[in-house]
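Only one structure is covered here, and it is reproduced in the block below.
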Amino acid sequence: AWLLHVSWQASILAGLILLVQKLSRRWISANWLYSLWLLLLLRLVLPVSPPSDFSIFNILHSDFWEQNLWQPASQQPEQAVAVSGGAVDFAAGGTMPGQQNTTSGMLHQFPLPAVLTIIWLLVAFCLLARTVFRNIAMLRDIRKVRLFIDPHMLNVLEDCKSEMQMHVPVSLVVSDKISSPALLGFIRPRLLLPPSFSEKFSPAELRYIFLHELAHIKRMDIFVNWLVSVLQIVYWFNPVLWLAFRRLRADMEIACDALVLSSQRASEHRAYGQTILKALEFSAKPAVLPGAVGLLEDKFFLTARIAHIKRTPRQKKKSPLLAIALLAIVGLTAVTDAR
């Protein structure tokens, strides 16, 4: 019951976030637009949301699940049997003497909440096992591969770390298990590169790719991506949240692009966008390893991403006051619960 309650409220919150993003995209930076999705993650992990008089769920609140679906069968009112002159009115719900109501017996043995819970557990367990096994297999393969020690690429990586003001140790690993650059790991992240990647891209293009991946580390996107992967397993039954998570990852990439471009000259923005397109042509498909973040998360939103890169040099510096106000309004009205 708690899972369904949080799920439908989070669906309303996701729709509200998309609406706010659409209306305020011109006045809010990419990073603040992405930050709105953190409210959705907060709502999904909160065991209890605080009640508020300003919550939109004071209007949308419904006790349907608690009063109907999730009421135990033993507590549901029994149908009255009309008795008139010693005769039982079987149309009112009675049964013939000695006849068992098999449907009622089955409902008492297997109530709907128990059946749905078992189905949820089975699917969630399968998704969790798939995620764990895929990551263990990837880690096993990576440990068999020697670290990439090409001095030229390592120098480019170290220069990018200095430019991003980062001191986190990052290892380069070439693996044929992926088709596009991806980051894996929290404490000592590994930057995975496909074979022959260094031969296809110039030093300037490698610099843009490394800057983008380091921006993911600086913004702690690896942790957020893992959290999203876990929440997708828990709320696998809600297609609205799957679409919201897809949009969240796309906005994450746009926010990373904005962070990289904020320290680049306007003349470099076009080259950065061309590097993204070249990486798309090089990669057959983006990295889909759960918990990993890459350069090409979702090709469906690539048009919006390139358009944002193109607009960035012409955009004025945006004030965060409107973004903070919108975050407060959305949080107060949709992360809270009905009083």
Side-chain angles (χ1 to χ4, degrees), residues 1-18 36-49 57 60 62-74 106-142 177-178 182-186 220-252 285-294 297-298 300 334-335 337:
W2 171 82
L3 206 62
L4 288 175
H5 180 76
V6 174
S7 178
W8 80 265
Q9 287 195 349
S11 300
I12 299 296
L13 174 57
L16 181 61
I17 290 173
L18 288 173
L36 286 168
W37 291 114
L38 300 182
L39 295 176
L40 177 66
L41 301 182
L42 178 64
R43 180 64 192 94
L44 290 172
V45 300
L46 280 177
V48 179
S49 57
F57 300 111
L60 302 175
S62 173
D63 293 330
F64 172 78
W65 299 110
E66 289 82 356
Q67 292 179 352
N68 296 278
L69 178 61
W70 293 95
Q71 187 175 6
S74 59
M106 290 178 62
L107 287 176
H108 278 274
Q109 293 179 7
F110 302 101
L112 185 57
V115 173
L116 293 179
T117 301
I118 292 173
I119 294 174
W120 172 79
L121 282 171
L122 288 175
V123 177
F125 177 78
C126 292
L127 293 174
L128 178 62
R130 176 175 175 267
T131 300
V132 172
F133 289 152
R134 288 183 62 189
N135 278 272
I136 290 177
M138 176 60 75
L139 289 174
R140 187 186 300 116
D141 293 336
I142 290 176
K177 302 297 182 180
I178 60 172
L183 278 170
L184 188 66
F186 288 105
M220 301 183 66
D221 288 339
I222 300 177
F223 171 76
V224 174
N225 215 42
W226 263 113
L227 179 59
V228 170
S229 298
V230 173
L231 292 175
Q232 278 186 304
I233 295 173
V234 176
Y235 296 94
W236 61 263
F237 54 88
N238 190 333
V240 176
L241 293 181
W242 278 70
L243 293 174
F245 292 149
R246 186 180 179 187
R247 184 58 183 267
L248 180 151
R249 288 189 170 102
D251 287 341
M252 177 190 293
K285 58 181 179 178
V288 292
L289 186 67
V293 290
E297 283 294 330
D298 198 327
F300 181 79
V335 181
D337 208 339

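Remember, predicted model here, so these are calculated numbers, not experimental data. Start at 1 with the first residue, then count along the sequence.
- The side-chain contact (heavy atoms from CB on, under 4.5 Å) test applied to L227 returns L41, V45, L231, not counting sequence neighbours.
- Remark: Q232 CD to L128 CG distance equals 13.0 Å, nearest 0.5 Å.
- Using a 4.5 Å cut-off on side-chain heavy atoms (C-beta onward), W37 and R247 make contact.
- The closest side-chain heavy-atom distance from N238 to S11 is below 4.5 Å.
- The two residues W2 and L46 have their closest heavy-atom pair at CZ2-O, 3.6 Å.
- Annotation: side chain of L184 is in contact with side chain of N135 (closest heavy-atom distance under 4.5 Å).
- W226 places a side-chain heavy atom less than 4.5 Å from the side chain of I222.
- Residues S49 and Q9 share a closest heavy-atom pair of OG-OE1, 4.3 Å.
- Listed for the W236 side chain is no donor-acceptor partner under 3.5 Å among the backbone atoms of L127.
- The shortest distance between side-chain heavy atoms of L44 and L241 falls below 4.5 Å.
- Minimum interatomic distance between V6 and R43 (heavy atoms only, all atoms of both residues): CG1-O, 3.7 Å.
- The two residues I17 and L40 come nearest to each other via the heavy atoms CD1-CB, 4.1 Å.
- Atom CE of residue M252 and atom CG of residue D221 lie 4.0 Å apart, to the nearest 0.5 angstrom.
- Residues H5 and D337 form a side-chain contact, since some pair of their non-hydrogen atoms from C-beta on lies under 4.5 Å apart.
- I12 has its side chain within reach of F57: a pair of non-hydrogen atoms, C-beta onward, lies under 4.5 Å apart.
- Here the CZ-CZ distance, from R140 to F133, works out to 10.0 Å after rounding to the nearest 0.5 Å.
- Evaluation of the side-chain contact (heavy atoms from CB on, under 4.5 Å) rule for L3 yields W120, V234, Y235, F237 as partners, not counting sequence neighbours.
- Partners of L121 by side-chain contact (heavy atoms from CB on, under 4.5 Å), not counting sequence neighbours, listed by chain and number: T117.
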